[in-house]
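What follows is a single structure, written as structure tokens, with notes after it.
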Amino acid sequence: MTVRAAGELLRGKMLVPVDAPTPEEYIEAFRVADQFRIAHAYPMRSIRQSAHRWMKRCAVSGITGARLKRMPAIRAKLKRSSIYLDKLQDVGGCRLILPTIADVRTIGDALTQHLRHQKCKENDYILAPKPDGYRSHHLVFAFQDQLCRSHYMDRRIEIQVRTQLQHSWATAVEAVGLYRGEYLKGSVGDRSWLRLFLLMSAEFCVAEGCPEPPGVPGQVERIAEIQALNKTLDADLTLATLANAVHWREISVTAREAPEYYLIRFDAKAKEVLVQPLHSASRAMALYSEAESVDRETGNDGNDVVLVEADKIDGLKAAYPNYFGDVTLFRQALEEVAKGRSLAELDIRRQEMVPAKPAERIDSGWLYKRNRLWVEPGRMKKTRKRKQK
């Protein structure tokens with residue numbers, strides 16, 4: 001089965017008219033899609049390390065993280081768009097959280113001008129915010145490295161470069177959505193919450209001197225509406241209790257060096273987060289696939305499993321605070337706006353930023369184990385024939 005055919009089956013249709021797919025065909029489709037996703041792990045890691053180096057060269061502090069897209073998110077994107085699985089541009093994604101707009105511009109320019117990979121798409125949602133209020137600078141690069149095996153070439157990795165304020169908004173949307181069991185990130189859910197986030201995004205735009213989302217009212221009217229929504233939704237209290245409502249525990253793994261992979265499992269029903277540090281990339285990928293498979297088989301659609309690459313647990317919580325109910329910065333901003341004060345006139349306490357991690361050599365040996373690689377159908381057979389000769 002090809003990657004495109006697997007994607008069409010996961011989307012809900014086959015490329016050619018056939019009878020209803022068998023369970024075996026679905027299993028094969030998930031296997032092919034999962035191997036395709038794994039093929040993005042090395043390019044994602046390499047590009048993230050390159051971003052680290054350019055942050056260091058530009059003397060810009062910040063937090064970075066990376067993740068392979070969840071299979072439910074892949075399926076949802078396939079279903080709501082006409083794009084094919086093999087053309088998705090964010091199967092592997094990196095996140096750079098920087099202190100200021102100036103830092104975002106500096107790093108965005110540095111990556112565009114100096115990254116050896118091919119830039120194939122750019123969306124500046126800071127200059128032109130999305131209608132829901134989302135803001136971030138997106139850069140998509142096609143991985144280029146002649147020293148790597150060919151099936152890593154041209155794998156597309158998306159880099160999201162954003163400020164702390166923008167990050168606090170985006171993760172608050174996800175955190176509230178997880179807590180309420182709604183896909184607020186995709187503009188699906190309670191309209192009042194979505195409206196509150198849109199109006200708060202406009203306030204953040206004013207604070208950072210950036211264009212506001214389309215169609216928002218003027219600031220005086222906007223602040224009055226935010227105050228009303230905050231009272232109606234009891235939003236401030238909801239945000240304040242999120243961190244206490246979500247419990248998380250970490251499984252300790254003894255090793256000589258700190259892990260860079262974390263498997264995050266969010267149990268929507270129990271409001272519990274399990275964080276499992278992992279040192280072996282191959283084991284991390286295997287556990288990720290297994291966890292998603294178990295959720296599919298048991299029907300636990302409300303659960304959320306994601307594999308994240310981060311320097312340490314503190315960086316993990318800073319880059320993906322939505323899983324831990326951490327909406328501190330957004331809540332502080334909402335409190336100030338609800339009091340009728342402009343964020344542009346206030347010194348909002350930012351989250352502590354850590355210096356960019358020094359560049360490291362990438363251990364890619366695990367990727368060359370034959371049984372761990374994704375290959376196009378038929379490629380492995382040809383490789384084996386050459387070895388026999």
Side-chain angles (χ1 to χ4, degrees), residues 34 37-49 51-52 55 62-73 91-97 157 160 167 171 174-175 178 242-243 245-268 270-295 300 303-326 328 351-367 369 372:
D34 185 49
R37 177 175 61 177
I38 289 174
H40 289 75
Y42 177 75
M44 179 183 74
R45 180 169 173 78
S46 177
I47 287 177
R48 175 174 174 253
Q49 293 289 353
H52 263 304
M55 287 170 61
I63 296 167
T64 71
R67 63 95 185 99
L68 290 175
K69 200 174 187 68
R70 299 182 304 113
M71 196 60 69
V91 174
C94 301
R95 181 174 289 177
L96 312 182
I97 304 122
I157 304 298
Q160 298 177 355
H167 185 58
T171 53
E174 293 190 47
L178 279 174
L242 261 182
V246 177
H247 306 283
W248 74 282
R249 54 194 176 94
E250 176 184 349
I251 297 178
S252 298
V253 177
T254 302
R256 283 179 290 182
E257 55 184 34
E260 288 198 20
Y261 295 93
Y262 297 87
L263 189 66
I264 305 176
R265 293 183 174 97
F266 178 81
D267 187 328
K271 296 294 187 293
E272 183 177 77
V273 177
L274 175 65
V275 180
Q276 184 173 1
L278 297 163
H279 299 79
S280 165
S282 57
R283 175 168 169 74
M285 304 301 165
L287 287 178
Y288 190 21
S289 302
E290 179 184 341
E292 288 186 328
S293 177
V294 169
D295 283 345
N300 291 329
N303 289 352
D304 203 341
V305 182
V306 65
L307 181 65
V308 172
E309 179 185 320
D311 298 327
K312 55 185 179 180
I313 192 68
D314 291 340
L316 171 71
K317 292 173 66 179
Y320 298 89
N322 46 298
Y323 289 104
F324 305 91
D326 185 358
T328 304
Q351 299 173 18
E352 181 181 358
M353 303 299 285
V354 297
K357 187 179 178 182
E360 298 179 354
R361 293 188 62 186
I362 300 173
D363 178 14
S364 58
W366 67 275
L367 288 159
K369 295 180 180 179
R372 294 292 181 189

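Predicted, not measured: the structure shown is a model, and the values here were computed from it. Positions are given from 1 along the sequence.
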Ala51: side chain to side chain contact (heavy atoms under 4.5 Å, CB included) partners, not counting sequence neighbours: Leu96, Leu111
Take Met285 and Leu307, measure what side chain to side chain contact (heavy atoms under 4.5 Å, CB included) needs, and give me the verdict at the end. CA-CA 8 Å; Met285 304 301 165; Leu307 181 65; 3.7 Å; yes
Derivation of the side chain to side chain contact (heavy atoms under 4.5 Å, CB included) call for Thr64 and Met55: CA-CA 10 Å; Thr64 71; Met55 287 170 61; 3.6 Å; yes
Considering all heavy atoms of both residues, which atom of Tyr288 and which atom of Leu68 are nearest to each other, and what is their separation? OH-O, 3.0 Å
Under 3.5 Å: donor-acceptor pair, side chain of Arg37, backbone of Lys69: yes
So does His167 get a backbone contact from the side chain of Thr171, meaning a donor-acceptor N/O pair under 3.5 Å? yes
Point-to-point distance, once rounded to the nearest 0.5 Å, from CD1 of Ile38 to OG of Ser289: 4.5 Å
Give me the atom names and distance for the closest heavy-atom approach of Ala284 to Leu278. CA-CD1, 3.6 Å
Using 0.5 Å steps for rounding, measure from the CZ atom of Arg48 to the CZ atom of Arg67. 13.5 Å
From Arg95 CZ over to Glu309 CD, what is the distance, rounded to the nearest 0.5 angstrom? 13.5 Å
Hey, are the side chains of His40 and Ile157 touching, using non-hydrogen atoms and a 4.5 Å cut-off? yes
Is the shortest side-chain heavy-atom distance between Glu292 and Pro72 below 4.5 Å? yes
Decide yes or no on side chain to side chain contact (heavy atoms under 4.5 Å, CB included) for Tyr261 and Gln276, but give the supporting numbers first. CA-CA 8 Å; Tyr261 295 93; Gln276 184 173 1; over 6 Å; no
